[in-house]
Trainee: 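Could you have a look at this structure, given as structure tokens, before my questions?
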Amino acid sequence: MLLWAVTSNPIIIAFLKVFFYSLAYLHTLFMQYRSKTAFDVSVNGQVRILRWGLNEVFDLQLQRILVLDAATNATKYVYLHQENKPLYLPTFLGSEPYDFEVHIPIGLKNREKEITNFINQYRLVSKRFTIIWI
């Protein structure tokens, strides 16, 4: 009975309508934001997740994009044979210019900038990559 007496006042009814409409609007904004950021949260720098994200965005039907580790060469040493004391050459001083390869079908060449931006957004900062068009 008390609730009916409070809500029968037109001013309180107007206040409740404004409150619930604005609450519903905030909920709608939150759900839109959540749907936009859910994909960003689900993709990270792991190879299988990065591959899934690339295929999900750029090649959904055929899933042809591959992410592979770069071919590693034998460990490099710097020394003279007379010294017989090898000095290990760290990978950042030599070796491959990239850490992983992204194999992408040539049909997606027109979206190269988008693909590069996508990879740069989700890869680990310390990892370098190259795109190989197949």
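Residues take their numbers from the sequence shown, with the count starting at 1. It should be emphasised that the depicted structure is a prediction, and the values quoted were computed from it without experimental measurement.
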Trainee: Nearest 0.5 Å, what's the CG-CZ distance between Asn120 and Phe129?
Mentor: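 Atom-to-atom, Asn120:CG and Phe129:CZ are 4.5 Å apart.
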
Trainee: To the nearest 0.5 Å, what is the distance between CG (Asn117) and CD (Glu112)?
Mentor: 10.5 Å

Trainee: Answer yes or no: does atom CD1 of Ile11 have more than 12 heavy-atom neighbours from other residues, nucleotides or ligands under 6.0 Å?
Mentor: no

Trainee: State, to 0.1 Å, how close Arg64 and Asn55 come at their nearest heavy-atom pair, and which atoms those are.
Mentor: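 Minimum heavy-atom separation between Arg64 and Asn55: N-OD1, 3.4 Å.
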
Trainee: Group every Ile, Leu, Val, Met, Phe, Trp and Tyr by side-chain heavy-atom contacts under 4.5 Å, then state whether Phe20 and Leu26 land in the same group.
Mentor: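 Each belongs to a different hydrophobic cluster.
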
Trainee: Which donor-acceptor pairs under 3.5 Å do the side chains of residues 40-50 make with protein atoms, sequence neighbours left out?
Mentor:
residue, atom, partner, partner atom, Å
Asp40, OD1, Tyr122, OH, 2.5
Ser42, OG, Ala38, O, 3.4
Ser42, OG, Phe39, O, 2.8
Asn44, OD1, Gln46, N, 3.0

Trainee: Got a second to check how far Leu66's CG is from His103's NE2, nearest 0.5 Å?
Mentor: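 Output value for this atom pair is 6.5 Å.
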
Trainee: Looking at Arg123 and Phe100, what are the two nearest heavy atoms and their distance?
Mentor: CB-CZ, 4.1 Å

Trainee: Do Phe118 and Val102 have side chains that get closer than 4.5 Å, going by heavy atoms?
Mentor: no

Trainee: For the side chain of Arg51 and the backbone of Ile65, is there at least one donor-acceptor N/O pair under 3.5 Å apart?
Mentor: yes

Trainee: So, do Gln32 and Leu29 sit near enough that their side-chain heavy atoms are less than 4.5 Å apart?
Mentor: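 Yes, their side chains come closer than 4.5 Å.
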
Trainee: Quick one: does any side-chain atom of Arg111 pair with a main-chain N or O of Lys113 as donor and acceptor, under 3.5 Å?
Mentor: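 Pair absent, no side-chain N/O of Arg111 close to backbone of Lys113.
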
Trainee: So Ile104 and Trp133, side chain to side chain contact (heavy atoms under 4.5 Å, CB included) or not? Walk me through it.
Mentor: CA-CA 5 Å; Ile104 301 175; Trp133 300 98; 3.5 Å; yes

Trainee: Apart from Ile132 itself, what residues make up its hydrophobic cluster, given side-chain heavy atom links below 4.5 Å?
Mentor: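 Via sub-4.5 Å side-chain contacts, Ile132 links to Ile134.
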
Trainee: Any chain of hydrophobic side-chain contacts (each under 4.5 Å) joining Ile106 to Val57?
Mentor: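 Yes, it is one cluster - the side chains of Ile106 and Val57 are joined through contacts under 4.5 Å.
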
Trainee: With a 4.5 Å heavy-atom cut-off, do Leu54 and Asp59 have their side chains touching?
Mentor: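 The answer is no; the side chains never approach within 4.5 Å.
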
